[in-house]
Student: 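Provided herewith is a single structure, encoded as structure tokens, for subsequent inquiry.
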Amino acid sequence: MADELYKTLGVSKKASEDEIKKAYRKLARKYHPDRNPGDEAAEEKFKEVSAAHDVLSDPAKRKEYDEGPAFGGFGGGQGPFPDGGQAGGFGGFDLGDIFGSVFNRGGGGGPQSQQVRGRDLETEVSLSFDQAINGTQISVTVPKQSQCPTCHGSGAKPGTAPKTCPRCEGRGVEAQGQGFFSISQPCSQCGGSGQIIEDPCPTCGGSGLTQQNKRYKVNIPAGVKDGSRIRLAGKGEDGPRGGPPGDLYVTTRVASSPVFKRLDDGNLEVTVPITVPEALRGGTIEVPTLNGTKKIKVAPGTKHGSVQRLRGEGPPRKRGGNGDIRYRLEIQMPEELSEDQLKAVDELAEALNGGDPRAELLRRAAR
């Protein structure tokens with residue numbers, strides 16, 4: 001393990017403080033949970049990177065880590081644990097817990113209770129196509145565990161107060177020793193809060209939380225798609241006993257449009273019918289846009305399925321600017337023809353020399 005933390009950050013053992021800081025910032029941005037929602041592997045990597053930086057960015061901790069053999073096994077070989085495993089994401093142990101115990105051994109530092117973060121929550125909002133394209137503000141009501149109004153989150157009956165846990169002396173953690181090393185884990189008596197509730201609040205039963213309905217306003221950015229997720233930091237459930245709150249994730253459900261079809265590349269598409277004469281002669285036609293109508297030209301001899309484009313008339317893009325609207329031209333064929341129309345078709349066929357467009361195809365097939 002002599003260089004495991006350096007490998008985690010991708011730096012050498014001779015790296016300067018500035019190099020360690022730059023490497024950590026790069027990896028932290030890459031693996032941060034906000035950029036990788038639901039990716040457990042990325043979250044675990046983020047924890048390892050953070051734990052490695054916590055040690056190597058502190059000169060005293062780094063010195064002790066580099067002098068691993070003095071601690072009975074840091075330098076390699078069998079690990080300090082009963083199963084021979086090593087510290088950190090290498091054997092099921094958390095680097096932060098282990099090195100926190102090693103470098104804070106012998107007491108000191110005062111109470112360090114482990115506050116539990118509140119749960120993240122998810123909800124959905126329904127949007128019309130126009131709301132999604134233009135952006136809007138919408139209200140959501142979320143049932144959640146929130147700070148108890150009676151005890152204000154302390155968990156203790158009004159007029160009383162929590163007491164320091166006698167087992168962990170308010171630290172919130174207790175250590176299990178194995179030789180020189182000790183592994184920190186949440187206190188078995190107080191659950192990591194560092195406090196004991198002897199006279200619980202009658203409203204919340206000592207948890208400090210009650211089920212409540214909270215109403216929030218969500219700003220929907222212009223151009224969101226169906227299934228987009230919007231994060232409201234700190235709007236999830238409150239943490240017990242004053243712990244930090246989780247986040248609220250709002251998923252958008254966007255209704256389809258009777259006119260516009262959203263494409264995967266962020267543009268829109270509209271199917272526009274044109275007549276046979278328009279396809280043959282060309283001309284100018286009126287088409288719908290997000291803000292009214294505009295005119296586009298149809299070239300003479302336009303084929304069925306041809307696409308015209310109006311640049312910048314589509315929905316807003318995340319990185320600025322607007323997408324395009326593509327108009328797919330479909331030649332509309334009449335279902336029935338009158339005698340006069342049939343006569344006109346015959347005259348057209350004669351005027352076009354009555355050529356057989358399949359002659360070349362059949363000639364090649366006969367080879």
Side-chain angles (χ1 to χ4, degrees), residues 125-138 220-228 251-367:
V125 293
S126 297
L127 304 172
S128 69
F129 180 81
D130 288 341
Q131 285 177 317
I133 292 295
N134 299 315
T136 187
Q137 186 180 81
I138 196 166
I220 306 295
V224 296
K225 298 180 180 180
D226 183 68
S228 297
T251 301
T252 58
R253 295 302 175 200
V254 181
S256 59
S257 166
V259 175
F260 301 98
K261 176 183 177 182
R262 299 195 75 159
L263 304 176
D264 292 338
D265 60 4
N267 296 313
L268 299 178
E269 184 174 275
V270 180
T271 299
V272 180
I274 61 175
T275 66
V276 173
E278 286 173 333
L280 292 173
R281 290 190 303 229
T284 300
I285 62 174
E286 192 173 20
V287 293
T289 69
L290 294 175
N291 301 298
T293 63
K294 283 197 173 183
K295 292 184 178 181
I296 62 173
K297 290 184 178 180
V298 177
T302 291
K303 297 180 180 179
H304 183 82
S306 297
V307 174
Q308 292 272 44
R309 182 195 303 259
L310 281 180
R311 298 187 181 276
E313 291 291 336
R317 295 184 182 275
K318 285 184 178 180
R319 297 180 180 178
N322 289 62
D324 305 333
I325 301 182
R326 300 173 184 172
Y327 298 95
R328 185 170 297 277
L329 307 178
E330 295 190 351
I331 301 174
Q332 191 174 56
M333 302 297 294
E335 294 183 1
E336 295 183 3
L337 295 176
S338 66
E339 290 187 6
D340 289 342
Q341 290 171 333
L342 286 171
K343 183 178 179 181
V345 171
D346 291 338
E347 292 175 352
L348 175 62
E350 184 177 349
L352 294 175
N353 299 321
D356 184 355
R358 294 170 296 282
E360 178 61 20
L361 172 66
L362 295 175
R363 186 183 65 81
R364 290 198 301 267
R367 290 181 178 179

Student: Do T302 and Q308 touch side chain to side chain, with heavy atoms closer than 4.5 Å?
Tutor: no
Student: Roughly how far, to the nearest 0.5 Å, is CG of L329 from CD of E278?
Tutor: 9.5 Å
Student: Rounded to the nearest 0.5 Å, how far does CD of Q131 lie from CD of Q137?
Tutor: 11.5 Å
Student: Does anything in residues 327-336 form a side chain to side chain donor-acceptor pair (under 3.5 Å)? List the pairs, not counting sequence neighbours.
Tutor: E269-R328
Student: Once salt bridge (Lys or Arg N to Asp or Glu O under 4.0 Å) is applied, do any residues pair with R262, and if so which ones, sequence neighbours excluded?
Tutor: none
Student: Could you tell me whether the side chain of N322 and the main chain of E313 form a donor-acceptor pair under 3.5 Å?
Tutor: no
Student: Passes side-chain contact (heavy atoms from CB on, under 4.5 Å), E360 versus R363? Steps please.
Tutor: CA-CA 5 Å; E360 178 61 20; R363 186 183 65 81; 2.3 Å; yes
Student: Once rounded to the nearest 0.5 Å, what's the spacing between atom CE of M333 and atom OG1 of T275?
Tutor: 10.5 Å
Student: What's the separation between atom CD1 in I133 and atom CG in L127, rounded to the nearest 0.5 Å?
Tutor: 11.0 Å
Student: Can you check side-chain contact (heavy atoms from CB on, under 4.5 Å) on I325 and K294, steps first, answer last?
Tutor: CA-CA 11 Å; I325 301 182; K294 283 197 173 183; over 6 Å; no
Student: Backbone N or O of S228 within a donor-acceptor pair of the T252 side chain at under 3.5 Å?
Tutor: yes
Student: Can you give me the closest heavy-atom contact between V272 and I285, atom names plus distance?
Tutor: CG1-CD1, 3.9 Å
Student: If you round to the nearest 0.5 Å, how far is CG of D264 from NZ of K225?
Tutor: 6.5 Å
Student: Taking all non-hydrogen atoms of both residues into account, name the closest pair between V259 and P288 and its distance.
Tutor: CG1-CG, 3.9 Å
Student: Taking CD in E339 as the centre, count heavy atoms belonging to other residues, nucleotides or ligands within less than 6.0 Å. Is the count above 12?
Tutor: no
Student: If you compare all heavy atoms of L342 against all heavy atoms of L337, which two are closest, and at what distance to 0.1 Å?
Tutor: CD2-CD1, 3.6 Å
Student: I'd like to know if the side chain of D324 reaches the main chain of N267, judged simply by a donor and an acceptor atom lying under 3.5 Å from each other, with no hydrogens or angles considered.
Tutor: no
Student: Count the heavy atoms belonging to other residues, nucleotides or ligands that lie under 6.0 Å from CZ of R317, then report whether that count exceeds 12.
Tutor: yes
Student: Tell me, with the steps shown, if L310 and T289 meet side-chain contact (heavy atoms from CB on, under 4.5 Å).
Tutor: CA-CA 9 Å; L310 281 180; T289 69; 4.2 Å; yes
Student: Quick check for you: to the nearest 0.5 Å, what is the distance between T136 atom OG1 and I220 atom CD1?
Tutor: 7.5 Å
Student: For A255, does its backbone N or O pair with a side-chain atom of S128 as donor and acceptor, under 3.5 Å?
Tutor: no
Student: Could you check whether any side-chain heavy atom of D226 comes within less than 4.5 Å of a side-chain heavy atom of R253, counting everything from C-beta outward?
Tutor: yes
